[in-house]
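Bear in mind the structure is a predicted one, so any value in this text is a computation, not a measurement.
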Amino acid sequence: MEIARVVSTRSSCLRRQVGAVLVKNRQILATGYNGVPRGLRHCEERGCLRAELGVPSGERHELCRGLHAEQNAIVQAAYHGVAIRGAEIYCTHQPCVVCAKMLVNADVVAVYFAGAYPDGLAMEVFEEAGTRLVQMD
């Protein structure tokens, strides 16, 4: 989890810094942090539309210019041709439902997370899929 916390310091998000680390057989496969796609201006320069509109945390993900840490970890693995089937992920925060669906489809078998996130549907997705969930301090 400590590595996920360090990865989160790379985040360019103005609202929440999140880090994720995909691991299999005790080896790091890929990392990710929340932020805008490669080549786009960071939110620090452009501003945060969600903050400007007063969108509460856990709602209207499509209004964010950035990707979540879990999404970036999956993309990084794919970009470098690293198979993540059967991996586990360590996240500084509970994944949202969009990330939950992606992690389930990528066959990530366990999610270790620290901070809570207001998305009960994500927890239902993980439970129904049989994904092991472990909340850590």
- Residue pairs passing the salt bridge (Lys or Arg N to Asp or Glu O under 4.0 Å) test with at least one member in residues 18-47, sequence neighbours excluded, are none
- Task: Return each pair, listed once, that meets salt bridge (Lys or Arg N to Asp or Glu O under 4.0 Å) where at least one residue sits in residues 86-101; pairs must be two or more places apart or across chains.
- Result: Glu88-Arg132
- Before giving the answer on side-chain contact (heavy atoms from CB on, under 4.5 Å), spell out for His93 and Arg16 the whole-Å C-alpha distance, their side-chain angles and the decisive distance to 0.1 Å. CA-CA 10 Å; His93 295 76; Arg16 182 187 314 253; 3.6 Å; yes
- Message: Check this for me: Glu52, atom CD, are more than 12 non-hydrogen atoms of other residues, nucleotides or ligands nearer than 6.0 Å?
- Response: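 Enclosed.
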- Glu59 atom CD: more than 12 heavy-atom contacts under 6.0 Å: yes
- Over all heavy atoms of both residues, which pair between Gln71 and Cys99 is shortest? Give the atoms and the distance, please. CG-SG, 3.7 Å
- Item | Ala116 to Gln135 - nearest heavy-atom pair and separation |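 Here Ala116 and Gln135 meet closest at N-NE2, 4.3 Å.
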- Begin with the C-alpha distance, continue with both residues' side-chain angles, and end with the deciding distance and a verdict on side-chain contact (heavy atoms from CB on, under 4.5 Å) for Leu29 and Val23. CA-CA 5 Å; Leu29 303 176; Val23 176; 6.0 Å; no
Please name all residues satisfying side-chain contact (heavy atoms from CB on, under 4.5 Å) with [X], sequence neighbours left out, ordered by chain then number.
X      : result
Asn34  : Ser11, Cys13, Val18
Pro37  : Leu40, Leu67
Ala122 : Gln94, Val97, Ala100, Asp119
Leu63  : Leu49, Arg50, Leu53, Val55, Arg60

- Message: The criterion is salt bridge (Lys or Arg N to Asp or Glu O under 4.0 Å); which residues satisfy it with Glu2, sequence neighbours excluded?
- Response: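 With sequence neighbours excluded, Glu2 shows a salt bridge (Lys or Arg N to Asp or Glu O under 4.0 Å) to Arg5, given in chain and number order.
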- Query: Can you list the residues that meet the side-chain hydrogen bond (donor to acceptor under 3.5 Å, both in side chains) rule with Ser12, with sequence neighbours excluded?
  - Reply: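 Residues passing side-chain hydrogen bond (donor to acceptor under 3.5 Å, both in side chains) with Ser12: His42.
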Any link between [X] and [Y] through a network of hydrophobic side chains (Ile, Leu, Val, Met, Phe, Trp, Tyr) touching at under 4.5 Å?
X      : Y      : answer
Ile89  : Phe113 : yes
Ile74  : Tyr117 : no
Val7   : Met1   : yes
Leu103 : Met123 : yes
Val98  : Leu22  : yes

- Task: Indicate whether any N or O donor in one side chain lies under 3.5 Å from an N or O acceptor in the other, for Arg15 and Ser57.
- Result: no
- Do Val134 and Val111 have side chains that get closer than 4.5 Å, going by heavy atoms? no
- Message: Checking the side chain of Gln17 only, and the main-chain atoms of Thr9 only, is there a donor and an acceptor separated by less than 3.5 Å?
- Response: no
- Message: Other members of the hydrophobic cluster containing Val6, with the 4.5 Å side-chain heavy-atom rule, please.
- Response: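 Traced through the cluster, Val6 reaches no other member.
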- Item | Connected hydrophobic set around Leu14, excluding itself, where side chains approach under 4.5 Å |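 None; Leu14 is a cluster of one.
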- Message: Show me the pairs that pass ring pair (Phe, Tyr, Trp, His ring centres under 6.0 Å) and involve residues 55-90, at least two apart or across chains.
- Response: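 Output for this query lists His61-His68, Tyr90-Tyr112.
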- Which is it for Val104 and Val125 under the side-chain contact (heavy atoms from CB on, under 4.5 Å) test, yes or no, and what are the steps along the way? CA-CA 8 Å; Val104 166; Val125 166; 4.0 Å; yes
